[in-house]
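None of the values given here were measured: they were computed from a predicted structure.
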Amino acid sequence: AKLSIQTLEPYLELTAVIKAADRVAKDLLGVTFIETEIPTYHPDVKLLQVLDRKGRHLGMLYTDYNSRPGRKQDGAWMVELWPQDGINDTRPILCNVFNVAKQPEGQPTFLTLDQAILLFHERGHALHCLLSQSPLPSFGGTNGPADYIE
C-alpha cells in the first residue's frame, strides 16, 4: 500500500501530535513537560514546567495553539518572554504560538501534515532556548544567526 498525506492526516489530531512532540523531546533529550495549574492569560493557554532527565528545572513554556480571530496574529512562532541567563542563573519563560481553529467541545482538532511539521518546528525553537547554557542572554537561546536557528 502506498503511503500518502491523506492516509496520515486522520492520525494528526492536535493532542496526539503534542504528545508525539513531547515523546521525541523526552526520548532524544531527556526533557519532560508537566502541565501546571497556574492561571494563564487565556483559558485555552497552558503553562508547562520543563524538566531535564534528572528532574531539574529548565524553564517554563506557555502553549497557545488555538486561533482567536481578530485577537491573535495568524501564523506560528516561539517567543522568549524571559531569557535564559547563565550569570544570574535564571531559566527562560517561553511561548509557543500556533493558530488552529478550535473545535466544538468534545470534537477532536485535526492538523494538516504541514501544521504538524510546524508544531514540531516551533517546539524545536523552545527546546533550543530551554537547553541553552550561555553565560550571557545575548548569546543564549535563539540569539544566533537565523540560518543556524532555522
Side-chain angles (χ1 to χ4, degrees), residues 5 8-9 11-103 105 108-150:
I5 291 173
L8 290 176
E9 286 184 349
Y11 298 97
L12 299 178
E13 192 277 322
L14 177 60
T15 304
V17 173
I18 292 167
K19 286 180 181 178
D22 289 354
R23 178 71 186 261
V24 168
K26 184 170 186 153
D27 289 353
L28 293 179
L29 303 168
V31 173
T32 304
F33 299 90
I34 300 170
E35 189 173 339
T36 70
E37 298 295 323
I38 299 170
T40 62
Y41 58 89
H42 190 275
D44 293 339
V45 175
K46 294 180 168 100
L47 179 59
L48 310 174
Q49 181 181 19
V50 187
L51 305 174
D52 70 8
R53 72 177 76 248
K54 293 182 179 177
R56 293 178 296 216
H57 179 72
L58 291 174
M60 302 297 284
L61 176 65
Y62 286 94
T63 57
D64 186 351
Y65 293 137
N66 295 116
S67 58
R68 294 189 289 282
R71 301 207 173 253
K72 189 174 165 189
Q73 178 182 339
D74 285 340
W77 62 93
M78 191 280 308
V79 63
E80 191 175 41
L81 303 170
W82 189 269
Q84 172 268 330
D85 180 344
I87 292 175
N88 295 305
D89 195 29
T90 58
R91 300 307 308 157
I93 301 172
L94 313 165
C95 186
N96 269 160
V97 179
F98 200 64
N99 278 287
V100 63
K102 185 176 179 178
Q103 299 302 307
E105 188 68 34
T109 300
F110 288 96
L111 304 178
T112 65
L113 181 58
D114 286 343
Q115 288 174 320
I117 291 167
L118 187 55
L119 190 143
F120 268 81
H121 174 91
E122 297 306 332
R123 225 5 132 79
H125 285 306
L127 287 166
H128 184 163
C129 289
L130 289 159
L131 295 169
S132 180
Q133 296 182 9
S134 174
L136 301 173
S138 57
F139 292 109
T142 57
N143 294 316
D147 61 343
Y148 172 75
I149 294 162
E150 290 298 319

Roughly how far, to the nearest 0.5 Å, is the CZ atom of Arg91 from the CD atom of Gln49?
12.0 Å
Tell me if a side-chain donor or acceptor on Glu9 pairs with a main-chain N or O of Leu113 at a distance below 3.5 Å.
yes
Walk me through it: do Thr112 and Leu12 pass the test side-chain contact (heavy atoms from CB on, under 4.5 Å)?
CA-CA 7 Å; Thr112 65; Leu12 299 178; over 6 Å; no
Side-chain heavy-atom pair Tyr65, Val97 within 4.5 angstrom cut-off:
no
What one should report as the nearest heavy-atom pair of Ala126 and Leu61 is CB-CD1, 3.9 Å
Heavy-atom side-chain contact between Tyr62 and Leu81 under 4.5 Å
yes
Excluding sequence neighbours, so at least two apart, what forms side chain to side chain donor-acceptor pair (under 3.5 Å) with Arg53?
none
Hey, is the main chain of Thr90 close enough, under 3.5 Å, to the side chain of Asn88 for a donor-acceptor pair?
no
Do Val31 and Leu58 have side chains that approach each other closer than 4.5 Å (heavy atoms only, starting at C-beta)?
yes
With a 4.5 Å limit on heavy-atom distance, are the side chains of Leu119 and Phe98 in contact?
yes
Check ion pair Asp22-Arg123 (N to O, under 4.0 angstrom):
yes
Quick one, Phe120 with Val24, criterion side-chain contact (heavy atoms from CB on, under 4.5 Å). Give me CA distance, side-chain angles, the key distance, then yes/no.
CA-CA 10 Å; Phe120 268 81; Val24 168; 4.0 Å; yes
Rounded distance (nearest 0.5 Å) linking atom CD of Glu122 with atom SG of Cys95:
10.5 Å
Are any non-hydrogen side-chain atoms of Leu51 and Ile34 less than 4.5 angstrom apart?
yes
So do the side chains of Lys72 and Asn99 get within less than 4.5 Å of each other, counting heavy atoms only?
yes
On a heavy-atom basis, the closest approach of Ser132 and Gln84 is OG-OE1, 3.3 Å
Does the side-chain contact (heavy atoms from CB on, under 4.5 Å) test come out yes or no for His121 and His125, once each step is laid out?
CA-CA 7 Å; His121 174 91; His125 285 306; 3.0 Å; yes
Show the nearest heavy-atom pair for residues Gln103 and Pro108, with the distance to one decimal.
CG-O, 3.2 Å
Using side chain to side chain donor-acceptor pair (under 3.5 Å) as the criterion, list what pairs up with Lys26, not counting sequence neighbours.
none
Does the side-chain contact (heavy atoms from CB on, under 4.5 Å) test come out yes or no for Cys129 and Met78, once each step is laid out?
CA-CA 10 Å; Cys129 289; Met78 191 280 308; 3.6 Å; yes
Would the distance check show the side chain of Glu80 and the main-chain N or O of Trp82 forming a donor-acceptor pair, the cut-off being under 3.5 Å?
no
Are Thr63 and Leu48 side-chain neighbours, meaning at least one heavy-atom pair lies under 4.5 Å?
yes
Provide the full list of side chain to side chain donor-acceptor pair (under 3.5 Å) pairs with a residue in residues 33-43, sequence neighbours left out, each pair given once.
Tyr41-Asp64
Taking the side chain as every heavy atom from C-beta outward, state whether Lys102 and Thr109 have any pair of such atoms under 4.5 Å apart.
no
Judged by atom type as modelled, is there a donor-acceptor pair below 3.5 Å linking the side chain of Asp52 to the main-chain atoms of Arg56?
yes
CG on Asn66 to CG on Asp44, rounded to 0.5 Å
4.5 Å
Please check if the number of heavy atoms outside Asp27 that lie under 6.0 Å from its CG is greater than 12.
yes
Tell me the closest heavy-atom pair linking Leu130 and Gly59, and the distance in Å.
CD2-CA, 3.7 Å
